[in-house]
Amino acid sequence: MFKKQHLISAFKLCFLFSAAFCIGTMTAHLQKQQSLKAIPTAADGNWGLSFPEEGKTPTGNATSGELSKYNAFYAGNPDKKIIYLTFDAGYENGNTVPILDALKKHHVPATFFVVGNFLKENPDLVKRMQQEGHIVGNHTYTHPDMSKISTKEAFDKELGELSTLYQKTTGEEMTKFYRPPQGKYSEANLQMAKEMGYHTFFWSLAYVDWYQDQQPTREEAFEKLLGRIHPGAIVLLHSTSSTNASILDELLTKWEEMGYTFGSLNDLIQTT
């Protein structure tokens, strides 16, 4: 009788140990999967990404097919190792010059999405962007939440005022490339942009680089920007980031060593 009870107790113990092991393994697997998912790249915005597989195009909260109806993009061809580099320029704090220097050194084209105050206060920088072959895109005049703009008149005012200022500043027509501030958008916005002749560009890779008092370390930046790069990536960086300014030369070198080349957003729209 004692042996029987002892065997039953031993069996129960083994069962509990096995169950605990399985639960622990499943929990670890789920945590690993969760760690691959990105926090939405725009704080409180609509546009967000998850990264289910390293080296592959992430999943957006709209598909490339859905966006294409509005001449909108978030990534390029997943079979070609091309990077499309973009910068959002909300204001100037001394970091744009070293960014432009690194781009020039590597002969990399980029698109700078600017707002009204950046254009008004930094005409020479904008002219340099243009002269060195970069695209200057429309990030709206006042950087509002565009998803709350419901009338064509108000939408046209935000994009039109910036476009007019650009023409007065540079003597050239502004390329009709648009990026919604903070990634906040609506389908109605995308349709309005399309009707105005714009292409809209979201992104497939970004990281938290915009807090001036919490700049990422060099190591943190490389972990995100090298670990999540993928063929056809539209990369969003902020030109206000001191980290981006300090690492860009090395970052471009590392991407080149990984076999990537760099394309213009003009190239992207012509191949789709």
Side-chain angles (χ1 to χ4, degrees), residues 38-49 59-75 84 86-92 110-123 126 129 135-170 172-206 208-211 234-240 265-266 268-269 272:
I39 297 170
T41 53
D44 300 321
N46 291 32
W47 185 249
L49 300 165
T59 302
N61 57 2
T63 67
S64 293
E66 290 167 341
L67 292 175
S68 68
K69 295 183 294 185
Y70 306 101
N71 292 337
F73 302 83
Y74 85 98
Y84 303 95
T86 71
F87 293 87
D88 283 3
Y91 57 94
E92 177 53 25
T111 299
F112 288 84
F113 288 97
V114 304
V115 296
N117 68 285
F118 183 93
L119 183 50
K120 284 189 293 185
E121 295 170 7
N122 305 280
V126 173
M129 293 170 185
I135 296 169
V136 179
N138 200 319
H139 203 35
T140 72
Y141 192 77
T142 65
H143 202 265
D145 178 352
M146 295 295 279
S147 69
K148 294 180 179 178
I149 291 180
S150 58
T151 68
K152 183 74 178 291
E153 293 73 22
F155 191 89
D156 180 81
K157 186 173 186 291
E158 276 293 335
L159 274 63
E161 287 188 356
L162 188 76
S163 179
T164 299
L165 179 59
Y166 179 83
Q167 186 174 20
K168 289 179 179 178
T169 303
T170 67
E172 301 288 340
E173 292 284 342
M174 192 175 210
T175 302
K176 288 195 170 185
F177 289 174
Y178 162 61
R179 172 167 285 158
Q182 301 181 69
K184 295 183 178 181
Y185 73 102
S186 67
E187 289 189 14
N189 290 163
L190 297 180
Q191 182 61 33
M192 291 175 195
K194 179 182 178 181
E195 290 173 359
M196 292 173 64
Y198 279 87
H199 288 82
T200 300
F201 293 94
F202 295 100
W203 56 88
S204 62
L205 175 57
V208 181
D209 62 350
W210 58 85
Y211 294 119
I234 296 178
V235 178
L236 161 60
L237 301 175
H238 285 84
S239 62
T240 55
L265 291 183
N266 269 329
L268 176 59
I269 65 171
T272 56

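These values consider heavy atoms only, across backbone and side chains, with no hydrogens, waters or symmetry-generated copies.
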Write down the atom of Lys184, the atom of Met146, and the distance for their closest heavy-atom approach.
O-CB, 4.1 Å
Side-chain heavy-atom pair Gln191, Glu187 within 4.5 angstrom cut-off:
no
Approximate separation, where rounding is to 0.5 Å, of Asn266 CG and Ile135 CD1
4.0 Å
For Ser68, check side chain to side chain donor-acceptor pair (under 3.5 Å) against everything at least two apart and list the hits.
none
Using side chain to side chain contact (heavy atoms under 4.5 Å, CB included), reason through Trp203 and Leu49 one step at a time and then give a plain yes or no.
CA-CA 9 Å; Trp203 56 88; Leu49 300 165; 4.0 Å; yes
Check Gly197 against Lys176 and note the closest heavy-atom contact, atom names and distance.
O-CB, 3.5 Å
Who passes ring-ring contact (aromatic ring centres under 6.0 Å, His included) against Phe155, sequence neighbours left out?
Tyr178
Here the pair of heavy atoms bringing Asn71 nearest to Tyr198 is CB-O, 4.1 Å
Report the C-alpha separation of Val114 and Met174 in whole Å, then their side-chain angles, then the decisive distance to 0.1 Å, and conclude whether the side chain to side chain contact (heavy atoms under 4.5 Å, CB included) test is met.
CA-CA 11 Å; Val114 304; Met174 192 175 210; 4.2 Å; yes
Pairwise distance OG(Ser239) to OH(Tyr91) - rounded to 0.5 angstrom
8.5 Å
Taking atom CD as the centre, does Gln167 end up with more than 12 heavy-atom neighbours from other residues, nucleotides or ligands that are less than 6.0 angstrom away?
yes
For the atom pair OG1 (Thr164) and CD (Glu173), what is the distance rounded to the nearest 0.5 Å?
9.0 Å
Looking only at heavy atoms, the pair that brings Ala75 and Ile234 closest together is N-CD1, 3.6 Å
Answer yes or no: is there a donor N or O on one side and an acceptor on the other, between the side chain of Thr175 and the main chain of Phe177, under 3.5 Å?
no
Separation of Leu205 CG from Thr86 OG1 (nearest 0.5 Å):
9.5 Å
Pairwise distance OG1(Thr111) to CE(Met129) - rounded to 0.5 angstrom
11.0 Å
Over all heavy atoms of both residues, which pair between Thr140 and Leu159 is shortest? Give the atoms and the distance, please.
CG2-CD1, 4.1 Å
Residues which pass side chain to side chain donor-acceptor pair (under 3.5 Å) with Asp145, listed by chain and number, not counting sequence neighbours:
Ser147
Minimum heavy-atom distance Tyr74-Ser64, with the two atoms named
CE2-OG, 3.4 Å
Could you go through the side chain to side chain contact (heavy atoms under 4.5 Å, CB included) check for Phe73 and Ile269 one step at a time?
CA-CA 9 Å; Phe73 302 83; Ile269 65 171; 3.7 Å; yes
Spacing of Thr240 atom OG1 and Asp209 atom CG [to the nearest 0.5 Å]:
6.5 Å
Sorted by chain and residue number, the salt bridge (charged side-chain N to carboxylate O under 4.0 Å, His left out) partners of Lys194 (sequence neighbours excluded) come out as none
Derivation of the side chain to side chain contact (heavy atoms under 4.5 Å, CB included) call for Thr200 and Leu67
CA-CA 9 Å; Thr200 300; Leu67 292 175; over 6 Å; no
Within-4.5 Å side-chain heavy-atom neighbours: Pro180 and Asn189
no
Donor-acceptor pair, side chain of His139 and main chain of Arg179, under 3.5 angstrom
yes
Is it the case that the side chain of Asp156 and the backbone of Lys152 share a donor-acceptor pair, with hydrogens and angles ignored and the cut-off at 3.5 Å?
no
Who passes ring-ring contact (aromatic ring centres under 6.0 Å, His included) against Phe113, sequence neighbours left out?
none
Using ring-ring contact (aromatic ring centres under 6.0 Å, His included) as the criterion, list what pairs up with Tyr185, not counting sequence neighbours.
Phe202
Taking the side chain as C-beta and beyond, is there a heavy-atom pair between Tyr141 and Leu119 under 4.5 Å?
no
